[in-house]
Amino acid sequence: MSEASDNSAIINDFLLESFEALGSIVDEITMLEKNPKDEELINSIYRTIHTIKGSAGFLGFTKLQAVAHSVENILSLIRENTISLNSELVDIFYESFDLCSNVLKNIEANNVEGELDSDGFKLKLLSVVEKSILHNEQIINDELYMDELRMKSSEQIIREAAINNDIKKVDIKSIENETIKNENKTDSKKVQVMKEDKKESPTKKAEKKPAKAAKKSVSDSVVKVNVSLLDDIMNVVGELVLNRNQIMQLSAQKDDSEFSTLAVQLDAITSELQNGIMEMRMQPVGSVFSKFERTIRDLARSQNKPIQLIIEGKETELDKTLLEAIKDPMTHMIRNSVDHGIEKPEARKASGKMEEGHITIKAYHEGGQVIIEVKDDGGGIDPKIIANKAIEKGVVTEEELATWSDKQIINLVFNAGFSTAEAVTNISGRGVGMDVVRSNIEKIGGEVDLTSVVGEGSVFKLKIPLTLAIVPALIVQSRQEQFAIHQKNLVELVLLENLSEKESLEMIDDQEFFRLRGNLIPLFRIDTIFKLEGERIKNSEFDDGDSLNVVVMQAEGNTYGLIVDRVLDTQEIVVKPLSKKLKDLSFYAGSTIMGDGKVALIIDAFGFYNFIEGGNAKKQDTSKKEETQSDNYKNAEEQEYLVVRLGDERGYAIPLCLVTRLEEFAEKDINFSGELALIKYGEKPMPLLNVEKLLQMDATKSRLNNLDKNPIIPTIVFSVKGHNVSLVVDEILDIGVTTSEVNTDSVDRDGLWGTVYINDNLYPVIDIHRLVEMHPIGKNIFAGKKKVKLNKTILLAEDSPVFQKVLIELLEEEGFDVLLGKNGAEAYKILETTTTKIDLIVTDVEMPELNGFQFAKKVRENEKFSTLPIVAVTTRVDEKDLQKGKEVGFTCHLEKLNKEDVTSHIKELV
Amino acid sequence: MDIENELEKEKGLISQLCGFTIAGETYGIPVLEVQEVIKALPTSPIPLSPEFVDGLINLRGQIVTAINVRKLFGIPEVEKPKYMNIIVKHEDSYYSLLVDKILDVMELKNSNFEETPDTLDPKRRGFIDGVYKMEKGLLILIKTEKILDF
């Protein structure tokens, strides 16, 4: 028994190696076609084919060996410059590699080479080579011509041998020996290689060695691991994550500090392990993308469209399973681009484009996902054509289409049964394509969408999650059941209190809504929809049922609120897919095992929304209600604050718009420079500030001085003049929203800006910039840049002291002088009365007295200022607002928090 | 006797079934299909799933979909039902068949196998492959695939 398994082990190794080798020479041939004179490439391909030939021969796969040998011969001729690489040769190479691949597959499945007309193939090879020689303009000397003749004679021998089956094998060997002898005569350079050829059968190892020796240096630092082993480890780590969750839960309940410490350490270790495992499975996308070179080449040639493929971001890494999963969808999208996107060269020329079409594949990381764009500069997709087809196929009605944007219409191509190709080609298939592409991408938790401009081209954008199995989620409870919601779909959590007093809920056509900062959000009750039994769960003893916990979610642009009994925790959960039989329940994304061992279902945000909308076929005519509301635009602006606790056990507030990130750092990663604590953040060291010290409180209470008790510290990262700085706090408590303003009188020390009321609690507001200024590093940061005066004045209309500060600083940094109006009315007064020339207006939108829209309208009505640029800044940019802004005369309408955007626009306009 | 038995098994003349009862009647599924048999475990219901899907069970870290066979067969439930779980695997997922009582592994001669009698109610017929005559009464052979085909 063991003998047989030994054999198959060798064959398995051979197969593994050969498949890999074939894969790499296909890529190398593609590259070689672009750089036909690259000697290193030629040699590398030669060596690889040589190894395949040798191994095949050793294991008795003679047909494979024969094909490899023929390819080897051609490579020699190329190496000697007897023939130069042309597209027919490249084609034949591809064919031979495909042939080898098929043989290998047959060996894998049936342990035999199977049917292979290696002789017939050889003839084909020879004839192509002949043609190449004949077409070659280089001098063909006699010897080489004799070579050709000799090869021709071997051709004849083959033909004769073919008649007599029995001696076929033997003859091929002798023919090879002949060709070997022939080649030997030509060049002494090849002697060494040939010697190895001759010693083929007995000294197999000697042959293998040179090729292997070359590879050794690279393979030393790399280990080949079976993917199934990685999968198993991934599963085990998943279990560890669950176990860790249970331990964390237990530790929170018990009051054992030793246990807590250990639990915290376990947490850190597990996270690291998780990250390590994920990294193991990550592969650069380039490995898959480079295969597309060939796909495009073949397709382009078959359609006579010259196309160039540009690949950007090939080092971007993606989990191996996900990479496998996107191969097919991407192939399809590329085929689509070649087939339907890129026009024929004549058409391109006629429209002024370069005859050569371009397809760009771009990959990059963004926001916890990998984004892959497939872009072509072809003819684009005409929404009108799509719309007509859609109506024709009954996919949408004309009325529905009337409200859709062009982008929504174009994305109809992902609908099942949709194909606009006039002639259904076998390349892109029949309308089965795009919807399968989308479902395959969604299966792995990703999204795909399409944008296109008629005449310019189209872009497919894929968003793939970095990992499949372990995701951050919010756990909620409704009645007796717990549910998990993926964090990526979470917008925010809202507590609607005192329902009986306030009019927080509105009803339109049997559908409940509530208002979130001016927007109407539909509400869905989980207990009703899921028909859950039991009593509503109270949140605390004071819970009198007069409040609602709303989880605001978003999926594919649809925002809605889910009413739950209780919001529990955020956790990293292991996603376990539901059984296939339950796939109809599209509102579930799977299930997971909670810390206490119970099973919780994961709600799929998009599936849930679709399910509801499908059930409620009634159209919500909310648009009319919205109109009447927008005139009473909210004039009081809401400000968000991050509430933290410092070492003095008190709560403090920090304006959220100034915060870049919340991070946790471990003691072991902190380094000290003098007394300054630093941590590696990105590429540079980032200072960790002891807030208690700067605020002249008891510095020893800072977490920085208590690292032995608690090795993990929470910090708030923010950016000052391009530098990252972080404040160390005791605990991050909450995010609070308030409309009340900061009272700047009530402070007694530098570093505090004032106080603010959040939910009836008074908090001192920390002035982050001032803290940095006070700190020794502040000198370095603030000294850096000199102000260049532009001698231009900007009128700023802004009511919130926080944003006043931020915007004034921003504008003064750029060298502008700023005049401030605390609201629209004040700003207008300044505009009218001032003697200084105002070059540009920056205005907030939500202001008391006169809001941004009304202010702009007034400004425009005054002839003197009709051409004055007005830049509107707001915390949220919304379609309706943009429209209204245009009407009243905003020159542009931007997001406050995007500093770069704001400064670049302003600089342009001034 | 034993040797004879073994020989008959070898020749495929005897089927080994995992026997169980539901509402007093005896059923069986091929032993090889059974992963394990386990006592009642806490189940988390799946809202809006078909009635006979009882919910999800956590079996040592694996998610198992529990199927209430009684409901599937249209037999009314008792006051406080207590079930046993027969864990089977089908197409990469684990399922549990909820049954009243688990019997021993039963060895039945194929010669005693008969086609499903016409008298058997239509609701159950779709899930049944046939019956075995036992010394006392009948054992109804269940086709697991049909149960999991929803």
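Per chain, numbering begins at 1; letters A, B, ... match sequence-line order.
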Chemist: Hey, what do you get for CD1 (B/I87) to CG (B/L59), rounding to the nearest 0.5 Å?
Modeler: 5.0 Å

Chemist: Would you sort out whether B/K82 and B/D100 count as a salt bridge (charged side-chain N to carboxylate O under 4.0 Å, His left out), showing the intermediate values?
Modeler: CA-CA 7 Å; B/K82 266 203 193 141; B/D100 288 357; over 6 Å; no

Chemist: What part of B/I46 is in contact with chain A, defined as an atom under 4.5 angstrom from a non-hydrogen atom: side chain, backbone, both or neither?
Modeler: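 Both backbone and side chain.
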
Chemist: Can you pull out the donor-acceptor contacts between chain B and chain A, under 3.5 Å, including backbone atoms?
Modeler:
| from | atom 1 | to | atom 2 | distance (Å) |
| --- | --- | --- | --- | --- |
| B/S44 | OG | A/V599 | N | 3.4 |
| B/S44 | OG | A/V599 | O | 3.0 |
| B/P47 | O | A/Y588 | OH | 2.7 |
| B/N58 | ND2 | A/G597 | O | 2.9 |
| B/G61 | O | A/K576 | NZ | 3.2 |
| B/Y95 | OH | A/S579 | OG | 2.8 |
| B/L148 | O | A/K581 | NZ | 3.1 |

Chemist: Check the angle between the aromatic planes of A/F587 and A/F530 and answer parallel, tilted or perpendicular using the 30° and 60° thresholds.
Modeler: tilted

Chemist: Measure the spacing between CG of B/L141 and CZ of B/F113 and express it to the nearest 0.5 Å.
Modeler: 5.5 Å

Chemist: Could you list the donor-acceptor pairs under 3.5 angstrom formed by side chains in residues 19-28 of chain B, with sequence neighbours left out?
Modeler:
| from | atom 1 | to | atom 2 | distance (Å) |
| --- | --- | --- | --- | --- |
| B/E25 | OE2 | B/R124 | NH1 | 3.1 |
| B/E25 | OE2 | B/R124 | NH2 | 3.0 |
| B/Y27 | OH | B/R124 | NH1 | 2.5 |

Chemist: State the CG-CG distance between B/L56 and A/L601, to the nearest 0.5 angstrom.
Modeler: 5.5 Å

